[in-house]
Number of protein chains: 2
Amino acid sequence: MQASTRWLPCQQENPCAYNDCMSATHDTISHALSRVARLHRSAAGQLLRRLGLHPGQELLMMQLWDHGPQPQSQLIDLLGLDASTVTRMVQRLEQAGFVRRRRSDDDRRAVVVEPTAAAQALQEQVVHAWQQLEDLTLRGLDEPERAAVAELLGRIENNLSQPG
Amino acid sequence: MQASTRWLPCQQENPCAYNDCMSATHDTISHALSRVARLHRSAAGQLLRRLGLHPGQELLMMQLWDHGPQPQSQLIDLLGLDASTVTRMVQRLEQAGFVRRRRSDDDRRAVVVEPTAAAQALQEQVVHAWQQLEDLTLRGLDEPERAAVAELLGRIENNLSQPG
DNA sequence: TCTGATTGCTTGTACGGCCAATTAAATGCC
DNA sequence: GGCATTTAATTGGCCGTACAAGCAATCAGA
């Protein structure tokens with residue numbers, strides 16, 4: 001990340017048409033959150049890359065590791081994702097050999113997703129990568145500060161979970 | 001969000017193969033961050049929808065509103081995105097009528113991106129939507145707590161910005 | 001029992017985002 | 001000047017993600 005001052009604005013007819021000093025879209029927590037989210041996802045991507053997973057897939061796998069085989073509808077609930085998203089994620093994870101799909105006998109509409117042996121072998125590595133990510137993310141924050149982050153994120157999550 | 005207990009695990013040969021009580025992939029701040037990020041982006045999407053913008057595009061437009069016409073390379077730096085991402089975002093924003101592109105005279109490789117009149121008309125609405133998003137996100141947090149969020153997110157951003 | 005509503009899932013389409021490979025222009029070094 | 005290196009941008013390919021539309025199985029009420 002080097003400084004980028006090779007472009008100096010205000011060389012046009014109306015010099016003050018743009019807010020160089022006082023940004024109309026001043027920095028907000030929403031801005032910071034967007035940046036942090038992308039950086040965090042990117043870091044996760046680098047760690048998961050070698051394991052053959054794309055960021056986002058590890059969250060689905062973790063649900064399977066934690067709660068065992070379950071219908072897609074439950075994955076959708078737990079992950080909070082769109083149904084179509086989960087459908088295609090599961091299709092790709094099946095293609096990659098990490099999950100298996102079968103139609104449920106109880107409800108012939110439902111599809112039960114279960115981890116494969118290959119996924120079991122993967123679990124340990126993913127947990128490790130996730131730990132590395134956590135360490136990298138929270139480097140330099142002591143325990144009370146980490147607790148504060150967790151608490152504040154929890155409240156923000158709550159805010160965003162319930163409608164406007 | 002209704003409870004989802006219609007699926008009870010542990011009805012298989014090996015009852016304790018899955019960690020229902022003590023999750024191996026226990027809840028982390030990285031997890032919370034992922035969830036909050038998706039919720040936040042989703043909320044932004046709903047607010048930007050009526051304005052004809054997709055989440056992510058508003059950040060690019062804000063750069064243009066704040067700093068005026070500038071080469072794509074600078075947008076890439078400021079937004080921290082991949083060059084290919086910005087290329088296609090700008091193409092779509094041009095298609096939508098919000099930006100114009102011209103080759104720079106100084107450097108015939110460079111493409112200068114500038115907001116259109118339609119974009120100027122949009123700015124006010126986007127700023128308002130962004131304010132709504134900020135309010136929704138931080139609802140119930142008092143000023144010291146908001147400051148704490150900003151400070152902690154800043155440190156996390158710093159952590160994630162520098163290599164491993 | 002039949003029928004309308006609901007539920008589970010899929011496919012089409014589109015965007016944000018990344019990596020890899022490529023082209024063209026500018027720069028730097030000899 | 002000439003050539004290797006760097007830089008700006010683009011395109012192809014892939015995945016995550018969402019919305020809209022649609023199909024099939026299930027459920028509930030008349």
Side-chain angles (χ1 to χ4, degrees), chain A residues 2 4 6-7 34-35 37-50 52-61 70-77 79-96 98 101-113, chain B residues 2 4 6-7 34-35 37-50 52-61 70-77 79-96 98 101-113:
Chain A
Q2 30 237 23
S4 39
R6 64 191 175 292
W7 183 264
S34 304
R35 288 193 304 267
R38 205 165 23 68
L39 287 168
H40 184 262
R41 188 182 183 85
S42 167
Q46 288 195 344
L47 289 167
L48 293 171
R49 197 178 179 65
R50 69 198 68 179
L53 285 182
H54 293 265
Q57 297 183 328
E58 86 280 16
L59 298 173
L60 194 155
M61 293 308 302
Q70 56 200 281
Q72 245 175 236
S73 59
Q74 177 148 342
L75 287 174
I76 290 164
D77 282 358
L79 296 169
L81 295 173
D82 190 86
S84 61
T85 298
V86 173
T87 289
R88 275 188 267 251
M89 262 170 106
V90 168
Q91 286 172 347
R92 284 161 182 151
L93 285 168
E94 182 177 44
Q95 189 69 23
F98 294 132
R101 304 160 66 200
R102 62 179 156 80
R103 285 220 105 83
S104 168
D105 291 328
D106 303 349
D107 185 339
R108 322 246 325 149
R109 295 168 300 181
V111 170
V112 175
V113 183
Chain B
Q2 29 235 25
S4 40
R6 64 191 175 292
W7 183 262
S34 304
R35 288 193 304 268
R38 205 164 24 66
L39 288 168
H40 184 263
R41 188 183 183 84
S42 167
Q46 288 195 345
L47 289 168
L48 293 171
R49 198 179 179 66
R50 69 198 69 180
L53 285 182
H54 293 266
Q57 297 183 330
E58 85 279 17
L59 298 173
L60 194 155
M61 292 309 302
Q70 57 199 281
Q72 249 175 232
S73 59
Q74 176 149 339
L75 286 174
I76 290 163
D77 282 358
L79 295 169
L81 295 173
D82 191 86
S84 61
T85 298
V86 173
T87 289
R88 277 189 264 251
M89 259 170 107
V90 168
Q91 286 172 347
R92 285 163 181 150
L93 284 169
E94 183 177 43
Q95 189 69 24
F98 295 131
R101 303 160 67 201
R102 61 178 158 80
R103 285 219 104 82
S104 167
D105 290 329
D106 304 348
D107 185 339
R108 320 237 339 143
R109 296 168 300 180
V111 170
V112 175
V113 183

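Residue numbers start from 1 in every chain, and the chains themselves are labelled A, B, ... in the order their sequence lines are given, proteins ahead of strands.
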Exercise. Look at atom CZ of A:R49 and say whether more than 12 heavy atoms of other residues, nucleotides or ligands are closer to it than 6.0 Å.
Key: no

Quiz item: If every non-hydrogen atom of A:S34 is compared with every non-hydrogen atom of B:H40, which pair is closest and at what distance?
Solution: OG-CE1, 4.1 Å

Quiz item: The side chain of A:D107 lies closest to which of these nucleotides: D:dA8, C:dG8, C:dC9?
Solution: C:dG8

Quiz item: Atom CD of B:Q91 and atom P of C:dG17: how far apart are they, to the nearest Å?
Solution: 15 Å

Self-check item: Minimal non-hydrogen separation, A:R103 against A:R109, with atom names
Solution: NH2-O, 2.8 Å

Quiz item: Between A:D105 (CG) and D:dT26 (P), how many Å, whole number?
Solution: 11 Å

Exercise. Rounded to the nearest angstrom, tell me the gap between atom CG in B:L75 and atom C1' in C:dG17.
Key: 16 Å

Self-check item: Protein proximity profile, nucleotides 12-19 of chain D - base contact B, sugar-phosphate-only contact S, no contact -, cut-off 4.0 Å on heavy atoms
Solution: BB-SBBBB

Self-check item: Non-hydrogen atoms of B:V112 and B:S104 that approach each other most closely
Solution: CG2-CB, 3.8 Å

Quiz item: Between atom CD1 in B:I76 and atom P in D:dA9, what is the gap in whole Å?
Solution: 6 Å

Quiz item: Any donor and acceptor pair, going by atom type alone, linking the side chain of B:Q57 with main-chain N or O of B:H54 inside 3.5 Å?
Solution: yes

Quiz prompt | B:Q72 side chain near D:dT10 phosphate (N/O to OP1/OP2, under 4.0 Å) | solution = yes

Quiz item: Side chain of B:R109, base of D:dT7: donor and acceptor closer than 3.5 Å?
Solution: yes

Self-check item: Pairing residues for A:R35 by the salt bridge (Lys or Arg N to Asp or Glu O under 4.0 Å) criterion, not counting sequence neighbours
Solution: A:D27, B:E157

Quiz item: Which is true for B:A110 with a 4.0 Å heavy-atom rule: it touches a base, it touches only sugar-phosphate, or it touches nothing?
Solution: sugar-phosphate

